[in-house]
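Here is the structure we will look at.
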Amino acid sequence: MSNEPLAKAYEPQDVEKRWYRFWEESGFFTADAASPRERFALVIPPPNVTGSLHIGHAFTLTLQDVIARWKRMKGCDTLWLPGLDHAGIATQMVVERQLAKEGLRKEDLGREEFEARVWRWKEESGGRILNQLRLMGYSLDWTRERFTMDPMLSRAVREVFVGLWEQGLVYRGDYIVNWCPRCGTALSDLEVETEAEAGSLWHIRYRARDGGEGVVVATTRPETLLGDTAVAVHPDDERHRHLVGSSVVLPVLGREIPVVADDFVDREFGTGAVKITPAHDANDFLAAQRLGLPSINVMDGRGVLNENAGPYAGQDRFEARRNIVAQLEGEGLLVKTAPHQVPLGHCQRCDTVVEPRLSRQWFVKMQPLAEPAIRAVEEGRIVFVPASETRVFFEWMRNIRDWCISRQLWWGHRIPAWTCAACGELVVAREEPGACPKCGGGDLRQETDVLDTWFSSGLFPFSTLGWPERTRDLARYYPNDFMMTGRDILFFWVARMIVLGLRFAGEVPFRTVFLNGLVRDEHGEKMSKTKGNDVDPLDVIARHGTDALRFTLAALANPGNDPSLGERRLLGYKAFVNKLWNAARFALMNLDGERAPAAGALPLASRWIRSRLQAATAAVERALAEFRFDTAANELYHFVWDELCDWYLEAVKVLLADAAEAPRARTVLLETLEQALRLLHPLMPYVTEEVWQRLPRAGGPPSIMVAPFPAADRALVDEAAEREMATLMELVVGIRTLRATYEVEPRRRIDVTVSGAAPAERGFVEAQAPTLRALAGLGTLAVAERAPGGPQVIRQPVGPFEVAVPMAGLFDIAAERTRLGKERLKVSAELEGLRGRLGNAQFVERAKPEVVASSRERVAELEERLRRIEGTLAALGDPEAA
RNA sequence: AGGCGCGUGGCUCAGUGGUAGAGCGCUUCCUUGACACGGAAGAGGUCGGUGGUUCAAUUCCACCCGCGCCUACCA
């Protein structure tokens with residue numbers, strides 16, 4: 001595509017722009033339901049249209065894209081379906097806040113206009129998010145983009161709601177629910193975040209009707225006493241038994257209420273007597289149902305006390321609490337105030353303290369739905385990764401409670417239920433009914449509540465494919481193969497998809513669920529805008545490039561853990577992208593000449609890198625198959641940096657300088673780089689495409705993203721080459737260490753004699769002499785059977801060899817002695833340990849034979865090394881040497 | 001309260017029943033035509049504590065301590 005030479009440093013901004021459009025316009029992201037190839041399907045966890053993508057999205061979606069690109073390169077017809085979530089309460093809040101800035105409330109606009117305004121916001125926010133998804137390089141099939149309030153998906157929502165109703169699994173009734181006084185709506189249990197906070201436990205006296213002592217109750221919420229309809233004690237509690245059946249006088253209001261017995265009362269807690277406020281406490285509500293007690297609601301939907309609150313009507317709940325406590329104190333009814341940790345529920349979206357409130361809501365009966373879901377997981381039809389999440393899922397499912405699905409909001413799917421104004425008949429229907437089926441009346445009023453936003457997202461794997469129509473997409477891509485999302489929405493979303501998918505789409509929604517952790521800052525702290533430690537993916541992209549961010553996120557993705565993302569880690573992987581870029585630059589500078597097939601007896605470096613490439617390929621494949629993105633990233637990092645760049649590229653320079661070897665060397669260099677790029681592509685799509693497009697190619701696929709993912713070729717695994725290369729490396733490092741230890745001038749070429757006892761060893765050194773000279777910076781290299789002796793020579797054992805360097809003013813003998821002395825200590829220590837172990841009869845008898853054998857080998861090896869070290873030390877005139 | 005997870009070099013984290021690894025940071029040296037977002041050579045850890053299983057424990061088990069997350073109707 002572009003032929004100008006590569007910039008010296010990788011410039012992500014220049015490169016990234018070009019490729020996304022090319023991929024998208026070429027149709028590489030588009031799944032083909034008619035394809036004969038194996039399919040692979042997954043859906044995006046649809047981002048909320050509340051703003052823009054955050055790092056948590058980038059994390060999950062990057063890992064999904066790695067899987068999607070990998071599967072696509074492996075030849076699968078891959079569908080990764082994009083979409084957005086209307087996010088009822090969250091989005092409504094955003095728009096309400098905007099209105100507030102204009103001094104308006106949603107009521108000032110009215111429902112219809114408010115909804116129009118939210119739709120405008122949805123376009124804006126949604127557009128921004130879709131753009132961000134493209135910048136991240138995600139290979140989403142944009143021809144199938146969905147929104148949870150699209151007509152197609154809304155139809156699925158009505159179908160499922162009515163279906164549940166017809167199956168008797170939806171009911172409406174007056175129950176205590178979690179209520180957010182600020183949002184003015186009911187919340188599900190999951191939308192409440194409970195936190196223990198410092199509060200008080202007030203002991204309040206309720207006098208007997210005859211003015212006697214009565215009973216002292218303990219409560220954390222004195223303001224609710226206005227709605228008390230009883231006091232309960234434990235039936236076996238001696239202290240209060242005489243009161244059961246009598247009446248006490250409610251303070252403030254003077255109402256008489258009965259003392260009842262019920263074993264739900266904890267005798268240990270407080271005074272052993274509890275006030276019963278059925279309309280304002282979930283527990284009390286249940287008790288009241290058991291005991292046949294009435295409820296009195298003393299609060300409205302805004303948390304303000306109502307006409308039942310007597311003198312406190314019109315006061316806010318917290319204000320009323322203070323005032324009531326003051327009054328009780330004044331009347332001598334406040335017996336005691338003790339500090340107490342109170343678990344307080346907060347609205348997940350706005351953090352307001354949640355109020356348990358008795359109201360008419362719609363619920364889904366969960367137990368009948370949960371059973372098939374549990375079975376599906378037990379039977380392995382759905383697999384959780386990491387597997388530990390399976391237990392969490394079971395725990396939740398087995399203790400499932402009914403799901404409150406109605407919300408008193410304006411933004412969302414309006415519940416398809418109508419009430420006849422004439423006869424009060426409730427009609428639940430897929431389409432608006434023309435007349436009341438009971439009385440024929442024409443005045444039908446639709447329910448004003450909307451559904452919990454998770455109701456529609458719970459259908460996402462099939463509603464997006466056209467369900468309830470039996471579309472081709474549905475037949476081909478349902479169930480999905482894979483689902484990935486944050487561990488924090490296992491219950492919110494994953495559990496509901498499983499339950500609803502099984503019930504309505506007839507099968508599990510996906511086969512494998514990967515639950516990822518929460519992205520934290522570099523010190524493992526939770527990210528938050530208020531703390532200012534949050535990372536904006538777009539900002540990272542702008543500064544370091546998309547590939548660096550993607551690779552970092554993948555490298556952090558250890559299943560089951562929360563990744564800690566910091567600038568330093570990012571910089572490290574940014575450097576890696578640059579390293580790859582420069583390796584490619586080197587290759588491109590050297591690939592111009594003639595190329596010959598890599599056939600016949602190849603030089604060691606070529607055989608070695610090809611062998612290592614197979615190992616890396618196999619390791620990456622294995623890692624991805626197990627969703628070990630971190631392992632895949634690490635394997636590639638080390639292959640490219642340590643093996644390809646540090647050793648192979650240096651060694652291949654020697655081959656390229658040899659006119660006879662160069663043509664084959666170019667081929668191996670090209671093939672190795674090309675295959676490494678394909679292995680890296682799912683993790684860093686942009687830089688790999690950019691480089692790949694510049695490589696000399698004849699025909700083949702038009703993009704690396706549709707090129708085949710490499711498979712390890714066992715024929716290229718060369719154990720002899722790996723052993724030999726290890727020996728060569730050992731020699732090079734040994735000589736370099738000598739140079740560094742004695743501070744030989746970096747550019748000074750030193751003359752070295754390498755000696756080895758066996759002819760084969762000497763032959764090896766002779767054969768590798770050019771490489772050895774280049775990598776170790778040697779002048780002359782002599783090979784001998786025995787190292788030259790004499791006090792003017794430094795001799796250093798390296799593996800099976802001995803390296804001898806004439807000092808000729810190069811070395812500091814004292815430094816050498818110190819270093820060898822340290823090495824001697826280390827070797828002796830290990831030797832001592834091994835000998836001790838081998839001297840232990842039990843070890844020799846019971847340990848695995850190969851462990852014993854290898855220990856013996858190691859001892860022989862160490863003894864030989866020790867002998868040489870001591871020989872050298874003696875030659876240097878070490879006073880301690882024996 | 002219950003469940004789950006974590007505690008490995010200065011920081012963030014891999015890993016393993018049998019000689020402790022990485023990245024960053026640190027020390028010394030080096031601008032040699034791929035790369036200073038670089039190269040070379042190094043220093044640095046009794047793998048949270050105590051017991052147990054084992055020939056052998058950082059790795060398995062129990063308990064404890066510290067941290068985090070999730071679920072809970074003790075007002």
Check your understanding: Hey, does Phe491(A) reach any base, or is it just sugar-phosphate, or nothing, if we go heavy atoms under 4.0 Å?
Key -> sugar-phosphate
**Study point:** Per Val265(A) side chain, nearest of listed nucleotides A72(B), A75(B), C13(B)
**Key:** A75(B)
Exercise for review: State whether the side chain of Arg739(A) and the backbone N or O of Ala776(A) hold a donor-acceptor pair below 3.5 Å, judged by distance alone.
Suggested key: yes
Exercise for review: Tell me what Val392(A) touches on the nucleic acid: a base, only sugar-phosphate, or nothing, going by heavy atoms under 4.0 Å.
Suggested key: nothing
**Study point:** Geometric class of the Phe285(A)/Tyr175(A) ring pair [parallel <30°, tilted 30-60°, perpendicular >60°]
**Key:** perpendicular
**Study point:** Arg739(A) vs C29(B): side-chain N/O to OP1/OP2 distance below 4.0 Å
**Key:** no
Review point. In whole angstroms, how far is the C1' atom of C24(B) from the CD atom of Glu567(A)?
Key: 12 Å
Review point. With nearest nucleotides of RNA chain B determined for Ala740(A) and Ser564(A) from heavy-atom distances, which residue corresponds to the more 5′ nucleotide?
Key: Ser564(A)
Review point. Using a cut-off of 4.0 Å on non-hydrogen atoms, how would the nucleic acid contact of Arg736(A) be classed: base, sugar-phosphate, or nothing?
Key: sugar-phosphate
Point to revise | Rounded distance in Å between the C1' positions of U31(B) and C69(B) | key: 50 Å
Review point. In terms of side-chain heavy atoms of Arg520(A), which of G68(B), C37(B), G23(B) is nearest?
Key: G68(B)
Review point. Once you round it to whole Å, what is the distance between P of U12(B) and CG of Leu553(A)?
Key: 19 Å
Practice item. Quick one: label Val733(A) by what it contacts on the DNA or RNA (base, sugar-phosphate, nothing), any heavy atom closer than 4.0 Å. Key: sugar-phosphate
Review point. Taking CZ from Phe492(A) and C1' from U71(B), how many angstroms apart are they, rounded to a whole number?
Key: 12 Å
Exercise for review: Could you check which residues of residues 219-226 of chain A get a heavy atom under 4.0 Å from RNA chain B? Sort them by number, please.
Suggested key: Thr219(A), Thr220(A)
Practice item. For this output row, return yes or no: ring centroids of Phe629(A) and Phe514(A) closer than 6.0 angstrom. Key: yes
Review point. So what does Trp202(A) touch, heavy atoms closer than 4.0 Å: a base, only the sugar-phosphate, or nothing?
Key: nothing
Practice item. Take the protein atom NZ of Lys574(A) and the nucleotide atom C1' of A36(B), then report the distance between them rounded to whole Å. Key: 14 Å
Exercise for review: Calculate the interatomic distance between Trp396(A) atom CH2 and C69(B) atom C1'; express it in whole Å.
Suggested key: 16 Å
Check your understanding: Do Arg837(A) and Asn840(A) meet the criterion of a side-chain donor-acceptor pair at a distance under 3.5 Å?
Key -> no
Point to revise | Sugar-phosphate, base or nothing in reach of Arg401(A), heavy atoms under 4.0 Å | key: sugar-phosphate
Check your understanding: Where is the tightest heavy-atom contact between Leu588(A) and Asp592(A), given as atom of each residue plus distance?
Key -> O-OD1, 4.2 Å
Exercise for review: For the side chain of Trp641(A), starting at C-beta, report the closest nucleotide among G39(B), A75(B), A14(B).
Suggested key: G39(B)
Point to revise | Phe491(A) and Phe393(A) aromatic centres sub-6.0 Å | key: no
Study note, to complete from the structure: Gln796(A) CD to A41(B) P, in whole Å, measures 14 Å
Check your understanding: Are Arg391(A) and C4(B) close enough that a side-chain N or O sits under 4.0 Å from OP1 or OP2?
Key -> yes
So which protein nitrogen or oxygen atoms get under 3.5 Å of nucleotides 33-35 of chain B's nitrogens or oxygens?
{"unit_1": "A34(B)", "atom_1": "OP1", "unit_2": "Lys653(A)", "atom_2": "NZ", "d": "2.9"}
{"unit_1": "A34(B)", "atom_1": "O3'", "unit_2": "Arg585(A)", "atom_2": "NH2", "d": "3.1"}
{"unit_1": "A34(B)", "atom_1": "O2'", "unit_2": "Asn582(A)", "atom_2": "OD1", "d": "2.8"}
{"unit_1": "A34(B)", "atom_1": "O2'", "unit_2": "Arg585(A)", "atom_2": "NE", "d": "3.1"}
{"unit_1": "A34(B)", "atom_1": "O2'", "unit_2": "Arg585(A)", "atom_2": "NH2", "d": "2.9"}
{"unit_1": "A34(B)", "atom_1": "N7", "unit_2": "Lys653(A)", "atom_2": "NZ", "d": "3.3"}
{"unit_1": "A34(B)", "atom_1": "N6", "unit_2": "Cys645(A)", "atom_2": "O", "d": "3.3"}
{"unit_1": "A34(B)", "atom_1": "N6", "unit_2": "Glu650(A)", "atom_2": "OE2", "d": "3.3"}
{"unit_1": "A34(B)", "atom_1": "N3", "unit_2": "Asn582(A)", "atom_2": "O", "d": "3.0"}
{"unit_1": "A34(B)", "atom_1": "N3", "unit_2": "Ala583(A)", "atom_2": "N", "d": "3.4"}
{"unit_1": "C35(B)", "atom_1": "O4'", "unit_2": "Asn582(A)", "atom_2": "OD1", "d": "2.8"}
{"unit_1": "C35(B)", "atom_1": "O4'", "unit_2": "Asn582(A)", "atom_2": "ND2", "d": "3.4"}
{"unit_1": "C35(B)", "atom_1": "O2'", "unit_2": "Asn578(A)", "atom_2": "ND2", "d": "3.4"}
{"unit_1": "C35(B)", "atom_1": "O2'", "unit_2": "Asn582(A)", "atom_2": "ND2", "d": "3.4"}
{"unit_1": "C35(B)", "atom_1": "O2", "unit_2": "Lys579(A)", "atom_2": "NZ", "d": "2.8"}
{"unit_1": "C35(B)", "atom_1": "N3", "unit_2": "Lys579(A)", "atom_2": "NZ", "d": "2.9"}

Review point. Taking only N and O in the side chain of His638(A), is any of them less than 4.0 Å away from OP1 or OP2 of G21(B)?
Key: no
Exercise for review: Whole angstrom is fine here: how far is it from CZ in Phe394(A) over to P in G2(B)?
Suggested key: 23 Å
Check your understanding: Is the shortest side-chain N/O distance from Thr737(A) to OP1 or OP2 of G42(B) below 4.0 Å?
Key -> yes
Check your understanding: Arg267(A) near the nucleic acid: base, sugar-phosphate alone, or nothing, with a heavy-atom cut-off under 4.0 Å?
Key -> nothing
Point to revise | Flag for Tyr206(A)-Asp228(A): side-chain donor and acceptor within less than 3.5 Å | key: yes
Study note, to complete from the structure: Assign each of His523(A) and Gly572(A) the nucleotide of RNA chain B bearing its closest heavy atom; nearer the 5' end lies the nucleotide of His523(A)
Review point. By ring pair (Phe, Tyr, Trp, His ring centres under 6.0 Å), which residues pair with Phe492(A), not counting sequence neighbours?
Key: Trp454(A)
Exercise for review: Report the relative orientation of the aromatic rings in Phe269(A) and His340(A); use parallel for angles under 30°, tilted for 30 to 60°, perpendicular for over 60°.
Suggested key: perpendicular
**Study point:** Options C70(B), G23(B), A72(B), nucleotide nearest the side-chain atoms of Tyr637(A)
**Key:** G23(B)
Review point. Are a donor atom and an acceptor atom from the side chains of Glu16(A) and Thr546(A) found within less than 3.5 Å of each other?
Key: yes
Exercise for review: Scan His340(A) against the nucleic acid and name what it touches under 4.0 Å (heavy atoms): base, sugar-phosphate only, or nothing.
Suggested key: sugar-phosphate
**Study point:** Distance between P atoms of C70(B) and G18(B) (Å, rounded)
**Key:** 36 Å
Exercise for review: With heavy atoms under 4.0 Å as the rule, sort Ala282(A) into base, sugar-phosphate or nothing.
Suggested key: nothing
Practice item. Check the angle between the aromatic planes of Tyr573(A) and Tyr637(A) and answer parallel, tilted or perpendicular using the 30° and 60° thresholds. Key: perpendicular
Check your understanding: Any luck finding a side-chain donor-acceptor pair between His280(A) and Glu223(A) under 3.5 Å?
Key -> no
Review point. Nearest of A75(B), U12(B), C70(B) to any side-chain atom of Pro343(A)?
Key: A75(B)
Point to revise | Pairwise side-chain hydrogen bond (donor to acceptor under 3.5 Å, both in side chains) hits with a residue in residues 549-559 of chain A, at least two apart | key: Asp65(A)-Arg550(A), Asn558(A)-Asn561(A), Asn558(A)-Asp630(A)
Exercise for review: Could I get the full list of side chain to side chain donor-acceptor pair (under 3.5 Å) partners for Arg835(A), not counting sequence neighbours?
Suggested key: Glu863(A)
Check your understanding: Given Watson-Crick or G-U pairs with both distances under 3.5 Å, what dot-bracket string fits RNA chain B, with | for other-strand pairs and [ ] for crossing?
Key -> (((((((..((((....[..)))).(((((.......))))).....(((((..]....))))))))))))....
Review point. Looking at Asn558(A), does any N or O in its side chain come under 4.0 Å of the phosphate oxygens OP1/OP2 on A14(B)?
Key: yes
Practice item. Run through Ile55(A), Val540(A), Asp521(A) and flag the one making a side-chain contact (heavy atoms from CB on, under 4.5 Å) with Leu565(A). Key: Ile55(A)
Exercise for review: For Glu522(A), report the nucleic acid contact type (base, sugar-phosphate, nothing); a contact means any heavy atom under 4.0 Å.
Suggested key: sugar-phosphate
Point to revise | Whole-Å gap separating C1' (C70(B)) and CG (Asp562(A)) | key: 12 Å
